[in-house]
Amino acid sequence: MIFTRRRFLQTSLTALAGASAGLWPWPGRAGQIHQVELTAQESLLNLGAGPEFKAYSFNGQSPGPVIRVREGQRLRVSLKNSLPHPTTIHWHGLPVPNPMDGVPQVTQAAVPPGGRFTYQFTARPAGTYFYHSHFGYQLDQGLYGALIVEPARAAGGWDREEVLLLADWVLADGGGAAPVRRRPPGGGMMGGMTARSAPGGPLLEPYYSGYAVNGRIYPAVEPIRVKRGDKVRLRLINASSATSYDLALAGHRLTVIALDGQPVTPAAFDVVRLAMGERVDVEFVADNPGAWLLRARDTGLGESGLAVPVLYQGAARRRPTPPRFHQGLSLATYWDLAAAAPRAHPAGEPARWHRQVLGGGMRSPYWSINGRVHPDSERLAVEPGDKVRLSYFNRSMMPHPMHLHGHFFRIVNHRLPPERWLVKDTAVVEPMRRLDIEFVADNPGHWFHHCHNLYHMGGGMANLVIYPGARGPFGGET
Ligand code: C2O
Ligand code: CU
């Protein structure tokens, strides 16, 4: 997952030679088609912290290959399903045409075992995204990977860039990654996770204890190697199913430059927070030689196991110094950040205003919006061109990272003019709090809208935004 400019150049040359298959592809020009083959399959995973266990992968690896394209390029992904279960791929955060969105029973029929499906869309806008299965609990079984859209005109100034995918895993007693078995919906045995379930009902969140970065658990994780003076960019992607992280890098502050792939006015913080489905791009200047740890805060649930060393060239080899999460550290919140450049947002009253009361939990595996549980949830009707507001009222004791497919939304922030409101696709509604978002209905179809805690989604915290007249994959309203 590490690359330097030199490696960039090399892969670019191999791509020109037409031999790029399997290598990290250099993004091509706008208009050029970027072809990727992904096979979803069962594989043995080794997290570097115990015995191998059986899970799911793309092309034999979890995370799957990094897909890197140029803004405006066509991306064509041909998916082959070699799993014993149906599957799909969703392009998290990218506003793709509705039939390409990868939500089973909403935008397409799931791809059956042995089947194929070709996803094709123009990659736009630039930013840090990821792709993942949207079928059942397959995200938690390893089916995810990074999707990076490079700006049409090379932005830059970074000496190094790292893509860091964060994931939560269940480890067996006694340490290591020995499988804890459970029966996934649809039958069959899977390793790497555990959960309790009412017979036939949704699953309760499993007890995670292993936190991987790019598929490896510290200390087996690949370190970030820097030279003094380097300007380093980290693209952090939280692909975890049910864990959010507060991250700090010892000896350095992190300058936030983008949230959910969309540029923000750069601002430096001690701690950045990243919920399920969110991405944050940060940069730092390597001006404090040594061996340091980028690590998650310990909230008592074990997230502090998520760590990556940052090693300066020539630093004496020793244990990396962890950050100390003392009181008074600055935390990057939505209210401390603004869109980098003013981005038009229609003024005035929204054409539609939907109240979304988030409830559930308390030992129940059911989670609801306005008291209803998906698929018996409501349909939020919108017309093309509408400005739509969603007001979330979280009446539960858990945070909910709410994700809307097919659109970016703005986080309503009365301290800023609307043109500077954050542009996001996933936003956390804290326990017992309210949060408002607004979006412009500019992408007709049937769009999934749900909590990105996989177990809350599976427990029903989901509904559909529907453009009347837009046809579903099964020839009509879904
Ligand atoms: Cu990241 Cu509905 O998905
Ligand atoms: Cu939730």
Side-chain angles (χ1 to χ4, degrees), residues 92-93 95 244 256 258-265 273-280 331-340 342-360 367-372 374 377-443 447-453 456-457 461-467:
H92 180 113
S244 54
V256 177
L259 285 185
D260 292 354
Q262 308 312 302
V264 299
T265 302
R273 177 168 288 175
L274 198 56
M276 301 71 101
E278 288 189 304
R279 290 87 64 212
V280 60
L331 168 71
T333 75
Y334 299 157
W335 317 113
D336 302 311
L337 292 161
R343 210 152 124 176
H345 186 67
E349 284 289 295
R352 317 257 166 170
W353 195 329
H354 297 282
R355 208 179 138 85
Q356 302 279 276
V357 177
L358 310 177
W367 296 87
S368 58
I369 303 179
N370 294 345
R372 296 172 68 172
H374 191 74
S377 53
E378 66 189 321
R379 307 286 184 258
L380 308 177
V382 302
E383 293 283 350
D386 279 355
K387 180 170 87 163
V388 184
R389 180 180 288 217
L390 302 182
S391 296
Y392 297 109
F393 295 84
N394 185 350
R395 297 274 162 74
S396 78
M397 298 313 291
M398 291 283 283
H400 301 293
M402 299 303 295
H403 173 52
L404 174 62
H405 287 217
H407 305 75
F408 288 102
F409 55 71
R410 315 293 298 249
I411 295 190
V412 175
N413 178 352
H414 293 295
R415 289 184 295 183
L416 289 177
E419 315 80 68
R420 303 300 303 278
W421 291 353
L422 287 178
V423 179
K424 287 182 95 319
D425 52 69
T426 307
V428 180
V429 191
E430 298 292 346
M432 304 310 286
R433 300 298 287 272
R434 172 180 178 170
L435 182 87
D436 284 34
I437 65 166
E438 284 187 358
F439 65 95
V440 175
D442 58 2
N443 194 4
W447 297 103
F448 214 40
H449 165 238
H450 62 93
C451 176
H452 218 278
N453 178 314
H456 297 183
M457 181 182 88
M461 190 174 272
N463 58 25
L464 291 175
V465 169
I466 292 212
Y467 291 64

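What you see is a predicted model, and the numbers here were worked out from it, not measured in a lab. The chain is numbered in sequence order, starting from 1.
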4.5 Å side-chain heavy-atom contact, His405 and His450: yes
Who are the ring pair (Phe, Tyr, Trp, His ring centres under 6.0 Å) partners of His354, not counting sequence neighbours? none
Closest approach of Val264 and Ala258, non-hydrogen atoms and distance? CG2-N, 3.8 Å
Within-4.5 Å side-chain heavy-atom neighbours: Asn463 and Glu378: yes
Is the Trp367 ring parallel, tilted or perpendicular to the His456 ring (thresholds 30°, 60°)? parallel
Side chains of Met402 and Gln356 in contact at under 4.5 Å (non-hydrogen atoms): no
Measure the CG-CD1 distance between Leu337 and Ile411 for me, rounded to the nearest 0.5 Å. 10.0 Å
Could you give the distance from CD1 (Ile369) to CG (Leu380), rounded to the nearest 0.5 Å? 8.0 Å
Asp425 to Asp260 - nearest heavy-atom pair and separation: N-OD2, 3.0 Å
Relative to the ring of His407, is the ring of Tyr467 parallel (under 30°), tilted (30 to 60°) or perpendicular (over 60°)? parallel
Residue pair Arg372 / Ser377: nearest heavy atoms and the distance that separates them: NH2-O, 3.6 Å
Which pair of non-hydrogen atoms, one from Ala441 and one from Val382, has the smallest distance, and what is that distance? CB-CG2, 3.9 Å
Do the non-hydrogen side-chain atoms of Pro431 and Ser396 ever get within less than 4.5 Å of each other? no
Which heavy atom in Leu358 sits nearest to a heavy atom in Met461, and how many Å separate them? CB-CE, 3.9 Å
Report yes if the side chains of Met457 and His452 come closer than 4.5 Å at any heavy-atom pair, otherwise no. no
Donor-acceptor pair, His400 side chain versus Met398 backbone, under 3.5 Å? yes
Straight-line distance of Glu419 CD to Arg343 CZ, nearest 0.5 Å: 12.5 Å
Out of Arg355, Arg389, Arg410, which one pairs with Asp436 under the salt bridge (charged side-chain N to carboxylate O under 4.0 Å, His left out) rule? Arg389
Once you round to the nearest 0.5 Å, how far does CD of Glu278 lie from CG of Leu259? 7.0 Å
Between the side chain of Trp335 and the main-chain N/O of Asn413, is any donor-acceptor distance below 3.5 Å? no
Ring-plane angle category for His92 and His403, please: parallel below 30°, perpendicular beyond 60°, tilted otherwise. parallel
Mind checking what makes side-chain hydrogen bond (donor to acceptor under 3.5 Å, both in side chains) contact with Thr265, not counting sequence neighbours? Arg420
Spacing of Thr426 atom OG1 and Met276 atom CE [to the nearest 0.5 Å]: 10.5 Å
Measuring from Phe408:CZ to Asn443:CG, what's the distance to the nearest 0.5 Å? 11.0 Å
Compare every heavy atom of Ala275 with every heavy atom of Val428, then report the nearest pair and how far apart it is. CG2-CB, 3.3 Å
Centroid-to-centroid, Phe409 to His449, below 6.0 Å? no
Would a 4.5 Å heavy-atom cut-off, applied to side chains only, mark Tyr392 and Ile437 as touching? yes
Stepwise side-chain contact (heavy atoms from CB on, under 4.5 Å) check, Val465 with Val388: CA-CA 10 Å; Val465 169; Val388 184; over 6 Å; no
